[in-house]
Number of protein chains: 2
Amino acid sequence: MTRRDYGQYCGLARALEIVGERWAMLIVRDLLVRPLRYTDLVESLPGIPTNVLATRLKELEQAGVVERRLAPAPKRGVLYALTAAGVDLQPALLALGRWGAGQMGEPQPGDIVRPELMTITFRAAFDAEAASGLHATWEVHVADVVLHLVVADGDLVSGVGPAPREPDLVITFRPDGPPSFRALIRAARLGEVALTGRAELLDPFLRVFSLVPVTRDVIAAPRGG
Amino acid sequence: MTRRDYGQYCGLARALEIVGERWAMLIVRDLLVRPLRYTDLVESLPGIPTNVLATRLKELEQAGVVERRLAPAPKRGVLYALTAAGVDLQPALLALGRWGAGQMGEPQPGDIVRPELMTITFRAAFDAEAASGLHATWEVHVADVVLHLVVADGDLVSGVGPAPREPDLVITFRPDGPPSFRALIRAARLGEVALTGRAELLDPFLRVFSLVPVTRDVIAAPRGG
DNA sequence: CCGAATCCGCAGTGATACTG
DNA sequence: CAGTATCACTGCGGATTCGG
């Protein structure tokens with residue numbers, strides 16, 4: 001058994017053999033936002049050694065999670081993107097992120113906070129049930145970054161950049177401290193964000209993106225056998 | 001930043017700092033079946049160095065994921081069990097397991113297959129929608145291990161040992177090869193399992209525990225910003 | 001500039017032996 | 001049963017260098 005091989009016939013063990021190494025899941029997370037070039041990843045993952053990044057990208061490509069693409073016209077080069085199997089990691093990744101969010105306190109001084117990642121946090125926080133019957137497009141402006149959120153009856157599309165069509169409401173957040181999702185929600189609750197458009201869509205926004213603790217599954221009571 | 005610290009304010013990064021180290025998730029997986037003693041874990045995780053196990057247990061205890069308990073009367077000693085926060089990892093762990101299951105082929109010679117883990121696989125495979133309105137108790141006998149499954153209208157309780165009440169149907173599987181979940185389902189589909197009780201509950205069993213690929217989330221199309 | 005490869009020191013891991 | 005102790009090894013962190 002190689003170092004990374006667990007030697008068990010188990011889906012979880014298999015998953016960890018593929019994306020369980022250090023930095024691997026964070027690479028997938030960043031690529032869930034959009035395809036990135038090598039150098040984007042380097043600055044997007046503060047502290048990652050370049051040799052480790054290169055190794056992970058090869059391993060993930062080998063495993064069919066990531067694929068190399070040629071970047072389109074203006075800037076030639078390589079783009080790293082998720083394959084379908086890579087995108088399929090999203091539910092697991094969001095679930096892990098939700099759990100971790102519950103284990104987090106306030107941002108520590110020195111913690112990196114990148115507003116682009118809110119794209120993913122919005123997906124993790126999205127409450128499909130609360131959004132049933134709702135149709136709305138928001139744009140969130142935070143720290144020079146523009147995000148868009150399109151909710152259509154229980155479905156969410158979130159990404160960086162302006163909305164594909166005129167947004168119903170633009171929420172502009174000028175944070176004092178780190179531009180985190182929490183800080184945004186806090187400010188929005190307190191009315192400390194600027195609104196442009198249909199301001200009545202702020203309440204649905206807060207209801208649909210709440211990131212409350214997930215309901216706890218019941219574990220079977222131990223019992224002799 | 002310490003070695004295991006990612007220095008990012010991100011739920012996923014935080015989660016990986018806690019349960020991202022090698023073997024950690026597999027320890028949590030085994031404790032989701034039932035509390036175990038140190039030596040149970042050693043044989044339950046083939047190949048784990050005992051010093052690594054001891055280190056992980058301390059780290060997970062420190063992080064509030066695992067707690068030490070005193071074992072009850074007949075056999076004194078230490079039991080390791082999940083805290084509420086540890087149990088909360090289950091949705092993420094099952095999601096990762098489902099993804100990994102889709103990346104798996106047939107068991108390799110040398111792969112360990114432990115039927116107790118089917119407890120977890122049943123939870124991962126459980127289709128709550130397909131189970132709505134269904135009330136049934138199954139017992140699965142496979143390779144000297146007894147598992148129970150209690151479905152009550154969209155809810156599942158699965159564990160090792162006999163069912164808490166008389167099971168509606170007992171499914172006995174005597175595998176030729178490795179006693180995996182896949183092999184069980186395959187055998188059940190082909191009628192190669194022994195049934196005791198209400199045999200008409202085999203079909204619901206197969207509908208509710210299928211482990212089909214999850215529906216793929218749509219990723220936002222890349223767009224300039 | 002992009003996309004790495006290379007080198008070094010060290011921390012985390014694997015394997016085994018040993019102990020209260 | 002429930003862990004420590006020891007030691008070789010490998011992967012990681014950090015920095016530098018290199019080719020297109």
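Convention: sequence-line order gives letters A, B, ...; per-chain numbering from 1.
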**Q** Can you find a side chain N or O atom of B/Arg56 that sits less than 4.0 Å from OP1 or OP2 on C/dT13?
**A**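 Checking C/dT13 against B/Arg56, a side-chain N or O does come within under 4.0 Å of OP1 or OP2.
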**Q** According to a strict under-4.0 Å criterion, is A/Lys58 in side-chain N/O contact with OP1 or OP2 of C/dA5?
**A** yes
**Q** More 5' along DNA chain C: B/Thr50 or A/Ala54, using each one's nearest nucleotide?
**A**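 Looking at the nearest nucleotide for each, A/Ala54 comes out on the 5' side.
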**Q** At less than 4.0 Å, is any side-chain N or O atom of B/Tyr80 found next to OP1 or OP2 of D/dG3? Yes or no.
**A**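 For D/dG3, OP1 or OP2 has a side-chain N or O of B/Tyr80 closer than 4.0 Å.
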**Q** Rounded off to whole Å, could you give me the CG-to-C1' distance for the B/Leu36 and D/dA2 pair?
**A**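 Result: 14 Å.
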**Q** Tell me: CG of A/Asp5 to P of C/dA15, nearest whole Å?
**A**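 Going from CG in A/Asp5 over to P in C/dA15 covers 11 Å.
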**Q** Under the criterion side-chain hydrogen bond (donor to acceptor under 3.5 Å, both in side chains), which of A/Arg114, A/Glu116, A/Arg29 is the partner of A/Ser44?
**A** A/Arg114
**Q** Please state how far atom CD in A/Glu21 lies from atom C1' in D/dT10, giving the value in whole angstrom units.
**A** 11 Å
**Q** Looking at A/Arg22, I'd like to know whether one of its side-chain N or O atoms comes within less than 4.0 Å of OP1 or OP2 on D/dG13.
**A** yes
**Q** Tell me if the aromatic rings of A/Phe209 and A/Phe205 count as close, with their centers under 6.0 Å from one another.
**A** yes
**Q** From OH of A/Tyr38 over to P of C/dC1, roughly how many Å is that when rounded to an integer?
**A**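 So the OH-P distance, A/Tyr38 to C/dC1, works out to 16 Å.
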**Q** Figure out the CG/P separation between B/Leu53 and D/dA2, and round it to whole Å.
**A** 11 Å
**Q** How close do A/Ser158 and A/Leu149 get, counting heavy atoms only, and between which atoms?
**A** CB-CD2, 3.5 Å
**Q** Does a side chain donor of either B/Tyr80 or B/Arg37 reach within less than 3.5 Å of an acceptor in the other side chain?
**A** no
**Q** Measure from CD1 on B/Ile48 to P on C/dA15 and round the result to the nearest Å.
**A** 11 Å
**Q** Tell me what A/Thr39 touches on the nucleic acid: a base, only sugar-phosphate, or nothing, going by heavy atoms under 4.0 Å.
**A** sugar-phosphate
**Q** Does B/Asn51 or B/Arg37 map to a spot on DNA chain D nearer the 5' end, using the closest nucleotide for each?
**A**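 Its nearest nucleotide lies further toward 5', so the answer is B/Arg37.
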**Q** What is the distance, to the nearest angstrom, from the CG atom on A/Leu79 to the C1' atom on C/dA4?
**A**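 Going from CG in A/Leu79 over to C1' in C/dA4 covers 16 Å.
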**Q** Please determine whether a side-chain nitrogen or oxygen atom of B/Trp23 lies at a distance below 4.0 Å from atom OP1 or OP2 of C/dG12.
**A** no
**Q** What is the distance, to the nearest angstrom, from the CG atom on A/Leu57 to the P atom on C/dA4?
**A** 7 Å
**Q** Taking the six-membered ring of A/Phe173 (Phe, Tyr or Trp), confirm whether the NZ or CZ of A/Arg186 is under 6.0 Å from its centre and within 45° of its axis.
**A** no
